[in-house]
Amino acid sequence: MTTTDTVSSTALTRMPDRPVLEGLEEKWVGQWSEEEVYAFERPATRDEVFSIDTPPPTVSGSLHVGHVFSYTHTDVVARYQRMRGKHVFYPMGWDDNGLPTERRVQNYYGVRCDPTLPYEPDFTPPAKPDPKRQIAISRQNFIELCNELTAIDEKTFEDLWRRVGLSVDWKQLYTTISPETIATAQRAFLRNHGRGEAYLSFAPTLWDVTFSTAVAQAELEARQYPGFYHRVRFTRPDGQAAYIETTRPELIVSVCALIAHPDDERYQSLFGTTVTSPLFGVEVPVLAHPAAEPDKGAGIAMCCTFGDLTDVQWWRELDLPMRTVIGRDGRLQRETPSWLVHPEPYETLAGKTAFSAREAVVALLRDSGDLDGEPTPTTRMANFYEKGDKPLEIVATRQWYITNGGRDEKLRRRLLDRGEELAWTPEYMRHRYENWVEGLNGDWLISRQRFFGVPFPVWYPLDAEGQTDWDHPIVPEESALPIDPMTDPAPGYDASQRDVPGGFTADKDVMDTWATSSLTPQIACGWERDDELFNLTFPMDMAPQSHDIVRTWLFSRIVRAELENHTLPWKRTTISGFVVDPDRKKMSKSKGNVVVPTEVLEKFGSDAVRWRAAMARPGADSPFDETQMKVGRRLATKILNASKYVLGIPGNDPATWSVDLVTDPADQAMLAALDGVVAQATESFEAFEYTDALEAAERFFWTFCDDYIELVKERAYGARGEAAAASARSALGLALGVQLRLFAPFCCFVTEEVWRWWHDDSIHRAAWPLPGEVTAPGDPAVLDDIAAALVAIRGAKSQAKASMKTEVSAATFHGPEDALTRLRAVKDDLRAVGRITGNIAWQADEGPITADITLTPSQP
RNA sequence: GGACGCAUAGCUCAGUUGGUAGAGCACUUCCCUUACAAGGAAGGGGUCAUCGGUUCGAGCCCGGUUGCGUCCACCA
């Protein structure tokens, strides 16, 4: 990247009399867009590119300050890399497919999808949606509404991101429901399928009864759930009782066995025998299995198909029969199960929800005398779908899976190795990844029984009886993608053969959102769509995200890239912490502690919010605190005012600035010190430690303002001749230019505003300052000595409660000999800033620099 | 229960290879000084969670304890 920037001498005409922060966002957002400052231009080679796998926000959700912080962290790095001359590939994506959008559409328009209904071309949603009486509409109508609403939401999101100042290239925007993305997701799936990495399986799966869909391990959330222990009697062949305790008595219908730990003394005599279930008279074996925990409940568990994941394990390992009664709607099946010896009691349960059935069973048990004592309340942990509010059921269904190492040690090892290979910021976050991969207990379930998502590009043949042949799925050629099996006929068939015996039927499921977003590197980089782009950007350089989605998004992308590309999808991942409320609780809608970003941005300005974000180190949670925003705002204001001062010095002309004119020792010392700061900031950015870069720049800037500017003020105005003034002006101007660039990644608006007072091109395409660019053969220690001397002078005046303007009739400086020598060289500047009119004496001794000051009595 | 992180001034946090405890905010006092009163200056304030070890010397290294947070596991 070359800059065609020209330095303008017309600074004074572009500089407002009283510059303010208000309005800078609007002004520069517009101009950056017009000038295409952040457009990605394809260079010749990969090493000229810095590519970023931006997390695509869920547009149906809402953004809070936490999002603003973490996206700012990425932007700060992107801006640094751009200034280093990289062609920054920084796309934005909208995650608009999936269940969150469906749910939002249902609430927003008051509709629900009923795939059995026909399409109504003229359908318009009700003006006032009634959330209690959702209108049933066809799948196509429903998808149209999803597209309509996401378009509105995406506009809001884009406006916010622009306002925050994200330097994304909006021409690289992708969405997870676009035809290109659908084609990419389907293509990747077909490749997985072709290699045996994607497979269809009929198995017990975690099932959300509210949304009527399967969910994956990564989407689980364990929550406290209140329940009751019921002590229930089973009957031994000799008529004796065997008691179990259960929180789900309705599952007695499904009981397959009683199971205790093999070493449990209490149940040795029962192993190998059978017992009979209460109410239904079903005879089940009593078995031993090490997964049974003697301390839980009665120590002997009722194994049902299925109450929990342990039941699944027992069912599988002990080869138990499948006695499912809870259906996909969360209700007990209507037909009386065939295995019941006494079917009569079931009549009162048929068709009931699990909750109602539980009450009914308890009543029955009470009547029959099989309930021992009263149910005792307990709190247990239950698995929930993270977006749902009813505990998950386990239902045997046919689902698509992708291998993820959960059932394959070799693949698991490879994925763990990838975690090793990946660079992590901060380093310790890699443990979360390792924990997750090591704890996987099954493959990745990717199919969802929903509507707004990427359809599986799959059909199944129907035999002569119209039965689906699940074992021989029909897939399309890749060239036909994207396809929708619900509307496109299977290859080799025509539309009339849909759903008729001897014909074909569509796979009606869609892929889970994560199955699509696991491919964001491939989607954004143009995999199999734009080879040139792909080769220039993939594997990507940086994958930013917050720490809660290491197990989902980060992991799933590594899986997909490993299976498809045999590489990591990126070199490095950077993990942001959360913004938490003052009590250090995570912000969430349900807690009502969410801070809306637009208000904060409005109140303090984007630069202030960005500053605060950058002060949060990678991985660290930070509490939301408005007073911190004020500090950022103060910095932005200070940048504006200090710049105005430097450029407003009479006769100061940027075209004349040159390090060759910097001859004064104070000026040389300042530039030398700044050069060290540049080195520090650069080093920190190279390590992705943007906070350290900011702190280094800021620490220097305040000294620059409070000490250095004050020190050279009079000289810059020409009090000691033209050469001395030129030295100060060049030093001030050059240092300002360097510091603006150091701050540019953080306070992108105010630095741009100031920069343009004398440049025609954006600061964000200017070169990052590097050590040696602006420096002088000075001793940085002089600046510290000056600061110490100023503290001494000001302290004396402050203690005397005198104005800083008060004249000093005599001053004696104490301190180490070498420090005094350095101070003598800047004596005239000290005299000016301290208003020292009388004698200056120097007294060498040990200890810090101090001054004895005699103040001239103030004139009446 | 497992893993990880944190514990330093009233608050938010720095503290490099061990060598006299730091910043900002808040607080106190002062100052309208030709960039900035949405400003500036000066100042007070800390047994570095706790116990033990290594060392001439520990906020830092090692071990234990306690408290907090996050992720995972936990439905009998």
Side-chain angles (χ1 to χ4, degrees), chain A residues 18-21 220 222-225 227 229-230 232 244-248 251 258-260 291-293 295-304 306-311 314 378-384 391-392 394 426 428-436 438-439 441 547-548 550-551 577-578 580 582 584-586 604 612 615-617 619-623 625 627-628 630-631 633-649 691-692 695 698-699 702 705-706 709-710 713-714 717 790-806 833 835:
Chain A
R18 192 175 153 67
V20 290
L21 297 176
L220 300 186
R223 294 185 203 152
Q224 296 279 350
Y225 191 68
Y229 272 126
H230 305 77
V232 176
I244 58 103
E245 287 188 20
T246 179
T247 57
R248 301 202 57 187
L251 288 175
L258 298 191
I259 296 172
E293 295 179 38
D295 318 338
K296 258 191 190 170
I300 185 161
M302 170 177 87
C303 175
C304 313
F306 297 95
D308 62 28
L309 291 170
T310 317
D311 285 343
W314 286 329
T378 177
T379 311
R380 63 219 166 96
M381 298 303 284
N383 278 324
F384 285 72
L392 296 173
I394 295 171
Y428 62 77
M429 283 293 174
R430 85 169 65 242
H431 296 295
R432 293 210 181 185
Y433 175 86
E434 285 163 0
N435 269 351
W436 177 250
E438 283 162 3
N441 56 27
H547 51 65
D548 58 330
V550 168
R551 65 171 177 160
F578 289 132
V580 294
R584 297 210 168 257
K585 292 277 178 280
K586 186 174 163 180
F604 300 100
R612 177 62 189 93
M615 289 303 280
R617 301 184 124 78
D621 292 347
S622 51
D625 179 2
T627 64
Q628 300 289 319
K630 290 184 189 162
V631 180
R633 187 177 173 83
R634 189 168 311 167
L635 173 66
T637 305
K638 194 79 173 177
I639 290 172
L640 215 47
N641 285 321
S643 303
K644 179 192 138 192
Y645 172 75
V646 168
L647 293 165
I649 294 169
T691 306
D692 294 331
E695 281 188 343
E698 202 181 341
R699 198 165 42 241
W702 287 105
C705 291
D706 296 342
I709 289 183
E710 295 298 331
K713 249 179 188 174
E714 293 206 2
Y717 270 77
L790 287 179
V791 166
I793 297 168
R794 289 165 174 165
K797 293 183 180 178
S798 192
Q799 219 156 16
K801 302 197 174 184
S803 157
M804 292 299 141
K805 277 201 313 193
T806 310
V833 67
R835 312 250 167 185

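Just so it is clear, the model here is predicted, and its values are computed rather than measured. Residue numbering restarts at 1 for every chain, and letters A, B, ... go by the order of the sequence lines.
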What contact category does A/P391 fall into here, base, sugar-phosphate, or nothing, at under 4.0 angstrom with non-hydrogen atoms? nothing
Give A/K638 one of three labels, base, sugar-phosphate or nothing, depending on what nucleic acid heavy atoms sit under 4.0 Å from its own. base
If you measure from the P atom in B/C4 to the same atom in B/A9, how many Å do you get, rounded? 26 Å
I'd like to know if the side chain of A/H547 and the backbone of A/G577 have a donor-acceptor N/O pair within less than 3.5 Å. no
Touch check for A/D706, heavy atoms < 4.0 angstrom, all strands: base, sugar-phosphate only, or nothing? sugar-phosphate
For A/K805, report the nucleic acid contact type (base, sugar-phosphate, nothing); a contact means any heavy atom under 4.0 Å. sugar-phosphate
Categorize A/Y717 for me: base, sugar-phosphate, or nothing, with a 4.0 angstrom heavy-atom threshold over every strand shown. sugar-phosphate
On a whole-Å scale, what distance lies between the P atoms belonging to B/A35 and B/U50? 49 Å
Minimum heavy-atom distance between A/R551 and A/L220, given as atom pair plus value: NH2-O, 3.2 Å
Report which part of the nucleic acid A/K713 touches: base, sugar-phosphate, or nothing (heavy-atom distance under 4.0 Å, all strands). base
Do A/Y645 and A/N641 have side chains that get closer than 4.5 Å, going by heavy atoms? no
Which part of the nucleic acid, if any, lies within contact of A/V580, taking any heavy atom under 4.0 Å across all strands shown: a base, the sugar-phosphate backbone alone, or nothing? nothing
For A/Y428, ring-ring contact (aromatic ring centres under 6.0 Å, His included) partners two or more places apart: none
When you compare B/U17 with B/U54, how far apart are their P atoms, in angstrom units rounded to a whole number? 24 Å
B/C61 and B/G1, which share atom name C1', separated by this distance in whole Å: 30 Å
Identify whether any heavy atom of A/D621 sits under 4.0 Å from a base atom; if not, whether one sits that close to sugar-phosphate; answer base, sugar-phosphate or nothing. sugar-phosphate
Rounding to the closest angstrom, what is the interatomic distance between B/A58 and B/C48 at atom C1'? 11 Å
If I pick the C1' atom on B/U8 and the same atom on B/G22, what distance separates them, to the nearest angstrom? 10 Å
Could you list the donor-acceptor pairs under 3.5 angstrom formed between side-chain atoms of residues 796-803 of chain A and any protein atom two or more places apart in sequence or on another chain?
{"residue": "A/K797", "atom": "NZ", "partner": "A/M804", "partner atom": "O", "Å": "3.0"}
{"residue": "A/K797", "atom": "NZ", "partner": "A/T806", "partner atom": "O", "Å": "2.9"}
{"residue": "A/K797", "atom": "NZ", "partner": "A/G834", "partner atom": "O", "Å": "2.8"}
{"residue": "A/S803", "atom": "OG", "partner": "A/K805", "partner atom": "N", "Å": "2.9"}

What's the shortest heavy-atom distance between A/T246 and A/M302, and which atoms? OG1-CE, 3.6 Å
With heavy atoms under 4.0 Å as the rule, sort A/L392 into base, sugar-phosphate or nothing. base
Contact class for A/G795 (heavy atom, under 4.0 Å): base, sugar-phosphate, or nothing? sugar-phosphate
If you find the nucleotide of RNA chain B closest to A/A222 and the one closest to A/R617, which residue's nucleotide is nearer the 5' end? A/R617
Here's a test of your reading of the structure: between A/T246 and A/D625, which maps to the more 5' nucleotide of RNA chain B? A/D625
Can you check whether A/M381 reaches A/Q224 side chain to side chain, under 4.5 Å on heavy atoms? yes
Between B/C6 and B/U16, how many Å separate the two P atoms, rounded to a whole number? 13 Å
Tell me, please, the opening and closing nucleotides of RNA chain B, 5' to 3', among those with an atom under 4.0 angstrom from a non-hydrogen atom of chain A. B/A3 to B/A76
Under 4.0 angstrom, heavy atoms only, what part of the nucleic acid is A/C705 near: base, sugar-phosphate, or nothing? base
Spacing of the P atoms in B/C62 and B/G18 (rounded, Å): 11 Å
Which part of the nucleic acid does A/E434 contact within heavy-atom distance under 4.0 Å: base, sugar-phosphate only, or nothing? nothing
For the residue pair A/R248 and A/G307, what are the closest heavy atoms and their distance? NH1-O, 4.0 Å
Non-neighbouring partners of A/Y229 that pass ring-ring contact (aromatic ring centres under 6.0 Å, His included), sequence neighbours left out: none
Using the test side chain to side chain donor-acceptor pair (under 3.5 Å), find all partners of A/E698 that sit at least two apart in sequence or belong to another chain. A/W611, A/W702
Go ahead and write out RNA chain B as dot-bracket, 5' to 3': ( ) for pairs within the strand, [ ] for ones crossing earlier pairs, | when the partner sits on another strand, dots for unpaired; Watson-Crick or G-U wobble, both distances under 3.5 Å. (((((((..((((.....[..)))).(((((.......))))).....(((((..]....))))))))))))....
Just to be sure I understand the rule, does A/A620 reach a base, reach only the sugar-phosphate, or reach nothing, if contact means heavy atoms closer than 4.0 Å? nothing
Is the shortest heavy-atom distance from the side chain of A/D311 to the side chain of A/L251 under 4.5 Å? no
Identify whether any heavy atom of A/T310 sits under 4.0 Å from a base atom; if not, whether one sits that close to sugar-phosphate; answer base, sugar-phosphate or nothing. sugar-phosphate
